Amino acid sequence: TDPTCTMLGVCDGVTFGQLCSGNPTNRIRGSDKWGVGHHGARRTGHTHNGVDIVCQDGATVYAPFDLTIERRARPYTDPKKAAINNGILARGQGVCFKLFYVAPVKVSGSVAAGQRLGVLLPMQQVYPGITSHLHLELCDQSDPTPYL
């Protein structure tokens, strides 16, 4: 696969498999008191560069296809958000992406499609009343929605 295909547009034939137990269709978070989950949504001080996949606190997070985890990725610098400040940067199918709010079982190496990547961290501790979710962001910050 071409590692630059995300820069050129959607990689032909790439589809993210199920990311979270309980959400087989990778449904994107709708609107709640904290905002909305689609790509490009307004946030305080910035634009949302990913999509929020509905996922319950403590749910299993799966590899959407065969991938290689390159490293840990953290979304925040704010210590008040430490409970959910974890995730991974991974590559597979020619796509580089980050998954935030997950406690990974490992932070490097290969993972087969459908295997457990980790568990969703306690979103409700940091954002009470939010629709708990896994944040999916492409490394080039383009819209991941066409892959879902």
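If you're wondering where the values come from, they're calculated on a predicted model, not measured in any experiment.
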Side chain proximity check, Leu148 to Val51, heavy atoms < 4.5 angstrom: yes
I'd like to know if the side chain of His48 and the backbone of Gly50 have a donor-acceptor N/O pair within less than 3.5 Å. yes
Over all atoms of both residues, closest heavy-atom pair of Pro144 and His39: CD-CD2, 3.8 Å
Residues Ser108 and Glu70: side-chain donor-acceptor under 3.5 angstrom: no
Ignoring hydrogens, what is the shortest heavy-atom contact between Thr145 and Asp143? Give both atom names and the distance. OG1-OD1, 2.6 Å
Would Glu137 and Phe100 count as a side chain to side chain contact (heavy atoms under 4.5 Å, CB included) if you check the C-alpha gap in whole Å, the side-chain angles of each, and the deciding distance to 0.1 Å? CA-CA 8 Å; Glu137 182 175 312; Phe100 291 149; 4.0 Å; yes
Identify the heavy atoms of Ile84 and Pro75 that sit nearest to each other, and give their distance. O-CG, 4.3 Å
Output for pair (Asp66 CG, Gln93 CD), nearest 0.5 Å, gives 7.0 Å
If you round to the nearest 0.5 Å, how far is CD of Gln141 from OG1 of Thr47? 10.0 Å
For Asn26 and Gly17, the nearest pair of non-hydrogen atoms, with its separation, is ND2-O, 2.9 Å
With side chains defined as the heavy atoms from C-beta onward, is the minimum distance between Arg91 and Leu67 less than 4.5 Å? no
Tell me whether Ile69 shares a hydrophobic cluster with Val14, the cluster being built from Ile, Leu, Val, Met, Phe, Trp, Tyr side chains joined at under 4.5 Å. yes
Would you say the side chain of Leu117 lies within less than 4.5 Å of the side chain of Val111, judging by non-hydrogen atoms? yes
Test of understanding: clusters of I, L, V, M, F, W, Y form through side-chain heavy atoms closer than 4.5 Å, transitively. Do Leu99 and Val54 belong to the same one? no
Where is the tightest heavy-atom contact between Cys96 and Leu89, given as atom of each residue plus distance? SG-CD2, 4.1 Å
Any chance the side chains of Tyr127 and Lys33 put a donor and an acceptor closer than 3.5 Å? no
Does Gln18 use its side chain to pair, donor to acceptor, with the backbone of Cys20 at less than 3.5 Å? yes
Rounded to the nearest 0.5 Å, what separation is found between the NZ atom of Lys98 and the CD1 atom of Ile88? 12.0 Å
Val102 vs Asn86, test: side chain to side chain contact (heavy atoms under 4.5 Å, CB included). Steps then yes/no. CA-CA 6 Å; Val102 60; Asn86 210 345; over 6 Å; no
Supply the atom-to-atom distance Gln115 CD to Ser110 OG, rounded to the nearest 0.5 angstrom. 12.0 Å
Determine the sole option in Ile130, Leu134, Thr131, Asp52 for which the side chain to side chain contact (heavy atoms under 4.5 Å, CB included) test with Met123 is passed. Ile130
Is there side-chain contact between Leu138 and Val95, with at least one heavy-atom pair below 4.5 Å? yes
Could you go step by step and tell me if Val61 and Val119 meet the side chain to side chain contact (heavy atoms under 4.5 Å, CB included) rule? CA-CA 5 Å; Val61 176; Val119 297; 5.8 Å; no
For residues Leu121 and Asp57, determine if any side-chain heavy atom of one lies less than 4.5 Å from a side-chain heavy atom of the other. no
Aromatic plane relationship, Phe65 with Phe97 - under 30° parallel, 30 to 60° tilted, over 60° perpendicular: perpendicular
Quick one: does Trp34's side chain get under 4.5 Å of Pro128's, heavy atoms only? yes
With heavy-atom distances below 4.5 Å as the criterion, would you say the side chains of Asn23 and Cys55 are in contact? no
Give the minimum heavy-atom separation between Arg116 and Thr60, together with the two atoms involved. CG-CG2, 3.7 Å
Less than 4.5 Å apart, side chain to side chain, heavy atoms only: is that true for Ser21 and Tyr62? yes
Distance from Asn49 atom CG to His46 atom NE2, nearest 0.5 Å? 7.0 Å
